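Throughout, residue positions are numbered sequentially from 1 according to the sequence presented. What you see is a predicted model; the values in this text were computed from it and never measured. In each ligand, atom 1 is the first atom listed, and ligand 1 is the first ligand listed.
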Amino acid sequence: MPTLVPILGDQLSHNLATLRAVAKSDAVILMMEVADEATYVPHHPQKIALFFSAMRHFAEELRAAGWQVDYVRLDDPANTGSLSGEVARAAARWGATRTLAVKAGEWRVLAAQHSWPDVTLLDDDRFLCGIDQFADWAAPRKRLIMEDFYRLMRRQTGLLMDGEQPIGGQWNYDQENRKAVPKGQRFTPPICFAPDAITAEVLALVQARFHNHFGSTASFAWPVTRTQALAALADFIAHRLPGFGDYQDAMVTGEDVLNHSLLSPAINLGLLGPLEVCEAAAAAYHAGAAPLNAVEGFIRQIIGWREYVRGLYWFAGPDYTARNHLDATRPLPALFWGAPTDLKCLSEAVGATGRNAMAHHIQRLMILGNFAMLTGTDPGHVHRWYLAVYADAIEWVEAPNVIGMSQFADGGLMATKPYAAGGAYVNRMSDHCKSCTYDVKQRTGPRACPLNSLYWDFLARHEERLAGNQRLWRMYDGWRRFAPDEQARIRAQAAGFLAGLA
Ligand code: FAD
Ligand code: DLZ
């Protein structure tokens with residue numbers, strides 16, 4: 001009797017723990033396209049197409065390598081629509097009494113896996129830091145400071161290290177990575193992968209079944225195989241890594257990618273390993289092809305932030321996504337689903353999201369996340385939106401970034417202060433304000449940038465909770481310097497905007 005080996009949509013790695021643990025002759029690999037996974041939040045059609053196309057290509061590769069693969073398509077008339085339903089059906093089909101799987105990347109699916117027939121669950125060892133190692137690091141600490149964790153990962157991997165010391169003498173070059181983009185600067189567009197026959201078939205299926213979900217598939221150009229993902233990595237290293245650091249936090253109207261890598265979907269689905277990506281970047285530094293601030297900044301995102309949020313997700317427990325430290329209750333504003341907005345920064349970020357199932361980090365954090373937090377939007381709604389709309393969104397990585405970093409809904413487990421900003425920040429880091437209906441310099445009045453009054457109103461609303469935070473004293477000092485009648489005008493302006501938003 002064969003062992004049933006289910007492989008999930010984000011487990012598309014040829015070195016997956018289960019593939020190392022079974023003999024080809026004893027195993028049936030099961031891959032399942034199911035409606036539940038496509039709709040438990042209304043995923044962007046491009047994200048669904050990416051998962052299905054990459055899964056179908058991976059199944060072909062496994063077959064070519066001699067594995068027996070049972071692939072259930074979404075449009076199979078007998079498809080039960082759920083992972084557990086399909087595991088049960090396949091177990092009966094193959095007479096399998098034993099299941100072997102790699103633990104899923106989210107609490108919800110992990111819980112489902114425990115109901116699979118006589119299941120053995122293996123740790124997902126495609127990360128640099130195991131869940132237990134992170135827990136050992138985190139448990140005795142009062143604060144889970146990412147920078148401390150990052151240094152541990154630098155030492156553990158040896159990346160950009162000279163013995164025990166960081167190459168260049170500094171661990172972190174972030175202060176060099178906040179430049180605004182000079183006017184007229186253009187960026188090399190990323191390599192695109194035209195849909196092949198498999199992707200075209202998937203796109204038609206997704207269009208037919210999920211056309212009512214937010215987002216377009218017209219620009220689909222994601223790498224869907226490891227070979228393509230390696231080409232995307234090489235393209236990034238050659239053309240965008242050298243400038244990655246300089247404009248890491250910048251935003252430019254009409255530029256969706258700038259110098260970002262666009263590698264998160266390929267890494268999160270398992271087409272690329274985090275270490276090989278970092279080693280490629282480090283090799284570019286050692287070859288003199290990219291500067292230290294760029295390479296260190298890029299590597300920090302992966303061995304630092306990416307590993308840190310994954311550890312934190314499992315450390316924090318399954319109720320993490322329900323946290324709501326600031327008691328925010330507003331439903332998600334319609335503009336997140338594409339309703340028109342006069343705020344240029346928001347329309348740019350939502351527009352990119354709809355077109356590409358992607359927005360870069362600073363748009364996610366300082367435009368969309370900031371707006372949601374300033375307006376008092378329910379973090380549960382915000383979390384489900386992010387999980388739905390981004391091609392790289394899997395709960396272990398999405399939830400800490402949204403609940404912790406962008407909404408401060410975990411009360412500071414992850415971030416030392418809320419990432420709150422008014423219009424001045426957006427104006428400093430982007431060119432959006434120049435073509436916006438609103439005037440970024442004004443706090444009140446019909447043309448005042450709404451972010452300004454919302455920012456002060458947010459601080460005032462949460463004064464009791466937040467004023468004691470040392471990192472916010474300058475902001476509260478600023479608020480207290482306004483005369484009482486100016487404070488009242490600012491708060492009335494914010495109330496007017498919020499009433500309109502409802
Ligand atoms: P680059 O800017 O080129 O960065 C390189 C790589 O570093 C990324 O590919 C990614 O693997 C990693 N990385 C960078 N920042 C982070 C981070 N904060 N956490 C984890 N990994 C990081 N990333 C996801 O992969 N999935 C998500 O669902 C997701 N949701 C986010 C939600 C919010 C509110 C915020 C603020 C950030 C979120 N991020 C998420 C992190 C980051 O925005 C994306 O990883 C990045 O925008 C992906 O684009 P890129 O590959 O071009 O990244
Ligand atoms: C995101 C996603 C989608 C859209 N569809 C599937 C699917 O049909 N089959 C599957 O195995 N996985 C899918 N996924 C990923 C899962 O929803 C989930 O995020 C990961 O397996 C992590 O647990």
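Y320 and D410 are linked by a side-chain donor-acceptor pair at a separation below 3.5 angstrom, with hydrogens and angles left out of the test. With no hydrogens or angles considered, a side-chain donor-acceptor pair links T375 and T377 at under 3.5 Å. A donor atom on one side chain and an acceptor atom on the other are not found under 3.5 Å apart for N177 and D249.
Two rings, from W314 and F127, have their centers 6.0 Å or more apart. Proximity of the aromatic rings of H260 and F236 is defined here by a centroid distance below 6.0 angstrom, and this criterion is not met.
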Go ahead and list the nitrogen or oxygen contacts between ligand 2 and the protein that come in under 3.5 Å, distances to 0.1 Å, or just say none.
| from | atom 1 | to | atom 2 | distance (Å) |
| --- | --- | --- | --- | --- |
| ligand 2 | 8 (O) | M32 | O | 3.3 |
| ligand 2 | 8 (O) | V34 | N | 3.0 |
| ligand 2 | 9 (N) | M32 | O | 2.7 |
| ligand 2 | 11 (O) | G9 | N | 3.0 |
| ligand 2 | 12 (N) | G9 | N | 3.4 |
| ligand 2 | 17 (O) | E37 | OE1 | 2.5 |
| ligand 2 | 19 (O) | E106 | OE2 | 3.0 |
| ligand 2 | 21 (O) | D10 | OD1 | 3.2 |
| ligand 2 | 23 (O) | G105 | N | 3.3 |

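Using bins of under 30°, 30° to 60° and over 60° for the plane-to-plane angle, the ring pair Y308/W305 lands in the perpendicular bin.
Tested against V69 for a side-chain contact (heavy atoms from CB on, under 4.5 Å), the candidates L62, V5, L30 yield a single pass: L62.
Within 4.0 Å of ligand 1, protein heavy atoms belong to F244, H260, S261, L262, L263, S264, I267, N268, F298, Q301, I302, W305, R306, V309, M358, A359, H360, H361, R364, L365, Y386, D392, A393, V397, E398, N401, V402, M405, S406, listed by chain and number.
Pairs engaging residues 346-357 under the side-chain hydrogen bond (donor to acceptor under 3.5 Å, both in side chains) rule: S219-N356, D256-R355, D256-N356, T353-Y390 [sequence neighbours left out].
Applying the salt bridge (Lys or Arg N to Asp or Glu O under 4.0 Å) criterion to R155, with sequence neighbours excluded, gives E164.
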